[in-house]
2 protein chains.
Amino acid sequence: MKGKATSLDIAHLAGVSQPTVSRALRGSPMVNEETRKRILAIAEQLNYKVDKNASNLRRQHSGTLALLFFEDPTPDESAINPFFLSMLGSITRACALRGYDLLISFQQLSNDWQADYEDSKKADGIILLGYGDYLESRGRLEKLVEQGTHFVRWGAVQPDTPGVSIGCDNTQGGHDITAHLVSQGRRRIAFLGHASNHYPEFFERYLGHRQALETAGLSADPALQVDALTTEQSGHDAATELLVRGAPFDAIFAASDLIAVGAMKALLERGLRVPDDVAVAGFDDIPLASFVNPGLSTVQQDTKRAGALLVETLLALINGEPAESQTIPVKLALRGSTAAK
Amino acid sequence: MKGKATSLDIAHLAGVSQPTVSRALRGSPMVNEETRKRILAIAEQLNYKVDKNASNLRRQHSGTLALLFFEDPTPDESAINPFFLSMLGSITRACALRGYDLLISFQQLSNDWQADYEDSKKADGIILLGYGDYLESRGRLEKLVEQGTHFVRWGAVQPDTPGVSIGCDNTQGGHDITAHLVSQGRRRIAFLGHASNHYPEFFERYLGHRQALETAGLSADPALQVDALTTEQSGHDAATELLVRGAPFDAIFAASDLIAVGAMKALLERGLRVPDDVAVAGFDDIPLASFVNPGLSTVQQDTKRAGALLVETLLALINGEPAESQTIPVKLALRGSTAAK
DNA sequence: CTGAAAGCGCTTACAG
DNA sequence: CTGAAAGCGCTTACAG
């Protein structure tokens, strides 16, 4: 036999028709048990595998999901945001569990998305994972909805966002970690991270932060908010800017762990001690958070649950079942960086 | 028009035959320029995308590579070895650059590999990336070769390994970092990591380590080698074991950064100072290496180059071109953890 | 329980 | 330069 075996080869060997082979292989109940066993044995022996291209073409689905991963500040570097890598792992596992393959594509938010996996029938639906200017990408989300593409997005869950989104409770997280800082005796708490609707996740964290301040009877000083994207460098720059401004502060809540780690570096370089002089908290609970010195207090996102929920929701969408945006609860992971003075 | 547009729909609208549409879309030179333009315009307007299943079925290839990722000590946790994540990123980019899609699958080394992507025509070839007992997996490599599967493997490059491998120069790396430790005045250098042919990469690093010791006129004390897998926990355990043994040492070369970081923790817990009491070096240069305190000296593997080389080699194999195993040079990344006493 | 027939949407000789 | 024909390897009504 030259080349790979086909179902027709098996049919010949088993003395049945090709459709019967197809039925037996997929466990159709209407195949004689003995016939099935014979067919399975031959298939095994020939190392036969169903040709997915043929099968998919006929069945008009692919058994594959696509993960569209976009990140803007790091177009080409190998350093991908660890939080997303953790998500990647959990999404892969969730797919495998449900018998789906996962196609992966890294893209820049600023480019046109190569989101034609579904159109070209390579995937049944798309998971969008990334970080960047929401307002810039919004139009593309609308286009996906318009085209009837099946997709779920990881991000801020807001009523006016096109399509279905899964995200963590950013507001609650921002609130809780700030409340914790207050409970540790901090009063002048800076926020490092973009705080506008361009970056809804950060904005929600910021709003939660402000809520907690208000509850504590503290006011949010505009001088204590500095824009930052989710990279260490950006966090370093933001903390430096904060120091330059000169407004006193005794704590920093960074909108992501990467920002927090960069900020800690900047503080240490200026001779400030964490947490003695400045408490620092982050968001995400990336592995690095427990390794910096002191350990970084942060808001933990449940990536395992998130990955599973993204996949489940997308599959529901694909199957025409109702699917809604959902928010996942967060919890605090407290370490040395926010100890009381 | 209901459902997605097909090439036949376009043919009708353009007043040509369906094969002409197919030719025009793939830029065949034997299509009238005006006809082509008309067809392209219609295709654009209908948001037409070639059905990959049909195309692949006909052309008998998939334009997709599969990345089979296996890791054994962490079957289900979300914490994936950061070094492999870095490789993942570079492989994805290398694929995208060459117009290939990447299918990803996480597996346990101990299970049967679900390596039938090529058999089922979902991928044209497979990249194997992972860490575990080589002797255990060897049989499966042999089977892949036997079946004529196109694959490349990241790992130790050794003549008797089935198939084609790409790996870094582990021996050189182990040699250079040990020579560096010696140059910093260290004389009793421990090695943490498996040092047997079950783990060829570690073994090569160990051999390089011994070479450097010999060159320096130092002998390798068996009491200073402790087995460890590439996790922090394992590194922590190994360092603890080393301390329990009681043989004096003034430096540790860990076979991976994760081991080194775990070992550093164990040392600090016992009140030992790095580098004053014990210098510590690792291997991989994961992002964490520059964040621990003090920064971890290590051997840097060029993951960008590695990813590109893996993809290039696999594509050569797929195209029936000659392809050979290759070794990538390494370089040292020196930080505070190996400063002179 | 099984087979003959049709067809998924392309690509590629083969003719002209 | 273009079209009619065949066929990639399956799955699924339709008959029996």
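Throughout, a chain's letter reflects where its sequence line sits, starting with A, and its residues are numbered from 1. Scope of the values below: all heavy atoms of this structure, side chains included, with no hydrogens, waters or symmetry mates. Keep in mind that what you see is a predicted model, and the values were worked out from it rather than measured.
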Exercise. Counting only heavy atoms not in Lys121(A), do more than 12 sit closer than 6.0 Å to its NZ atom?
Worked result: yes
Problem set entry | Among dT2(D), dC10(D), dT2(C), the one nearest Val31(A) by side-chain distance | dT2(C)
Exercise. Atom CG of Leu46(A) to atom C1' of dG9(D): distance rounded to whole Å?
Worked result: 15 Å
For this session: Check the distance between dT2(C)'s P and Glu33(A)'s CD and give it to me in whole angstrom.
Result: 11 Å
Exercise. If you check the Ala54(A) side chain, which of dC8(C), dC10(D), dT12(D) turns out closest?
Worked result: dC10(D)
For this session: With the side chain of Gln18(A) defined as its heavy atoms from C-beta on, choose the nearest nucleotide among dT2(C), dT11(D), dG9(D).
Result: dT11(D)
Exercise. Would Asp51(A) and Arg58(A) pass as an ion pair if we require N to O under 4.0 Å?
Worked result: no
Problem set entry | Asn32(A) side chain, from C-beta outward: closest of dC1(D), dT12(D), dC1(C) | dC1(C)
Problem set entry | Glu44(A), CD atom: more than 12 neighbouring heavy atoms under 6.0 Å | no
For this session: Starting from P on dT11(D), measure out to NE2 on His61(A) and report it in whole angstrom.
Result: 10 Å
Exercise. What is the distance, rounded to the nearest whole Å, between atom CD1 of Ile39(A) and atom C1' of dT2(C)?
Worked result: 10 Å
For this session: Compare side-chain N and O positions of Arg26(B) against OP1 and OP2 of dC10(C) and report whether any pair is under 4.0 Å apart.
Result: no
Exercise. Any luck finding a side-chain donor-acceptor pair between Ser62(B) and Lys52(A) under 3.5 Å?
Worked result: no
For this session: Would you tell me whether Thr161(B) and Tyr134(B) have side-chain atoms, one donor and one acceptor, within less than 3.5 Å of each other?
Result: yes
Exercise. Using Watson-Crick pairs (N1 to N3, plus N6-O4 or O6-N4) and G-U wobble pairs, both distances under 3.5 Å, which stems of at least 3 pairs involve DNA chain C?
Worked result: C:1-3 with D:14-16, C:5-12 with D:5-12, C:14-16 with D:1-3
Problem set entry | Nearest-nucleotide pick for Ser22(A), side chain only, options being dT12(D), dT2(D), dC10(C) | dT12(D)
Seminar exercise, completed: Looking only at dT2(C), dT12(C), dC10(C), the nucleotide nearest the Thr20(A) side chain is dT2(C)
Problem set entry | Nearest listed nucleotide, side chain of Asp51(B), among dC10(C), dT2(C), dT11(D) | dC10(C)
Seminar exercise, completed: Testing dA4(D), dC10(D), dT2(C) for proximity to the side chain of Pro19(B), the answer is dA4(D)
For this session: Report yes if a side-chain nitrogen or oxygen of Tyr48(A) is closer than 4.0 Å to either non-bridging phosphate oxygen (OP1 or OP2) of dG9(D); otherwise report no.
Result: no
Exercise. In whole angstroms, how far is the C1' atom of dC10(D) from the CG atom of Asn56(A)?
Worked result: 10 Å
Exercise. Once you round it to whole Å, what is the distance between P of dT11(D) and CG of Leu57(B)?
Worked result: 12 Å
For this session: Look at the rings of Phe84(A) and Phe69(A) and say which category their plane angle falls in: under 30° parallel, 30 to 60° tilted, over 60° perpendicular.
Result: perpendicular
Seminar exercise, completed: Rounded to whole Å, the NZ-P distance (Lys121(A) to dG9(D)) equals 20 Å
Exercise. For Ser7(A) and dC10(D), is the shortest distance between a side-chain N/O and OP1 or OP2 below 4.0 Å?
Worked result: yes
Exercise. Given that Arg36(B) and Gln60(B) both sit by DNA chain D, which one's nearest nucleotide is further toward the 5' end?
Worked result: Arg36(B)
Seminar exercise, completed: Looking only at dC8(D), dC1(C), dC10(C), the nucleotide nearest the Met30(A) side chain is dC1(C)
Exercise. When you check the phosphate oxygens OP1 and OP2 of dT2(D), does a side-chain N or O of Thr35(B) lie under 4.0 Å from one of them?
Worked result: yes
For this session: Look at all strands and tell whether Ser55(B) reaches a base, only sugar-phosphate, or nothing, counting heavy atoms closer than 4.0 Å.
Result: sugar-phosphate
Exercise. Does the distance from a Lys or Arg side-chain N to an Asp or Glu carboxylate O, for Arg38(A) and Glu34(A), drop under 4.0 Å?
Worked result: no
Exercise. Does a distance-only test, which skips hydrogens and angles, find a donor-acceptor pair under 3.5 Å between the side chain of Arg58(A) and the base of dG9(C)?
Worked result: no
Problem set entry | Lys49(B)/Glu118(A) ion pair, N-O < 4.0 Å | no
Exercise. To the nearest Å, how far apart are Ile10(A) CD1 and dG9(D) C1'?
Worked result: 12 Å
Exercise. Considering residues, nucleotides and ligands other than Glu33(A), do more than 12 of their heavy atoms fall under 6.0 Å from its CD?
Worked result: yes
